[in-house]
**Student:** 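Submitted below is the structure of interest, expressed as structure tokens.
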Amino acid sequence: MLSQKSVSNIKNLNHRSTLESYAQAADALGVPTWVMLIHRLDVALLEAPALHRFVRLVEDYMRCTPEQREFVEKMAAGYAGLNKKA
């Protein structure tokens, strides 16, 4: 069981948070532990259905070959550039 102090440490990015605490919080949320380790993660991404889309997106990206990742990164950069002009 994750204590209230551990939850507070994670929420406040306190250095006393352990990987085990992050893993327990991730388990409680039903997400992989790596999600809890993302710096400045938008809290809205932790709410369903956005959470499941986010996890799937990252996991799919990680399965890509280096060439596929390069293509995805170029597409994302181009899309981000289009959004800035709008």
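Hydrogens, waters and symmetry mates are skipped; everything else that's a heavy atom, side chains included, is used. On a predicted model such as this, the values are computed, not experimentally measured, just so you know.
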**Student:** Test of understanding: with side chain to side chain contact (heavy atoms under 4.5 Å, CB included), list the residues that count as partners of Arg69, not counting sequence neighbours.
**Tutor:** Tyr61, Met62, Cys64, Glu73
**Student:** Where do Tyr22 and Leu37 come nearest, in terms of heavy atoms and distance?
**Tutor:**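 Shortest heavy-atom separation between Tyr22 and Leu37 comes out as CG-CD2, 3.9 Å.
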**Student:** Could you walk me through whether Thr65 and Phe71 pass the side chain to side chain contact (heavy atoms under 4.5 Å, CB included) check?
**Tutor:** CA-CA 10 Å; Thr65 65; Phe71 176 76; over 6 Å; no
**Student:** Only counting residues at least two apart or in another chain, list the ones meeting side-chain hydrogen bond (donor to acceptor under 3.5 Å, both in side chains) with Asp27.
**Tutor:** none
**Student:** Restricting to side chain to side chain contact (heavy atoms under 4.5 Å, CB included), what partner residues turn up for Leu41, sequence neighbours left out?
**Tutor:**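 For Leu41 the side chain to side chain contact (heavy atoms under 4.5 Å, CB included) partners, ignoring immediate neighbours, are Val35, Ile38, Leu45, Leu46, Phe54.
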**Student:** Only counting residues at least two apart or in another chain, list the ones meeting side-chain hydrogen bond (donor to acceptor under 3.5 Å, both in side chains) with Glu59.
**Tutor:** none
**Student:** Check side chain to side chain contact (heavy atoms under 4.5 Å, CB included) between Glu20 and all other residues, then give those that pass, not counting sequence neighbours.
**Tutor:**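 With neighbours one apart ignored, the set is Thr18, Gln24.
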**Student:** Restricting to non-hydrogen atoms, name the atom on Ala44 and the atom on Ala50 that form the minimum distance, rounded to 0.1 Å.
**Tutor:**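 Looks like O-CB, 3.9 Å.
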**Student:** Does one hydrophobic cluster hold both Trp34 and Leu57, with members joined at side-chain heavy-atom distances below 4.5 Å?
**Tutor:**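 In one cluster with Trp34: Leu57, no.
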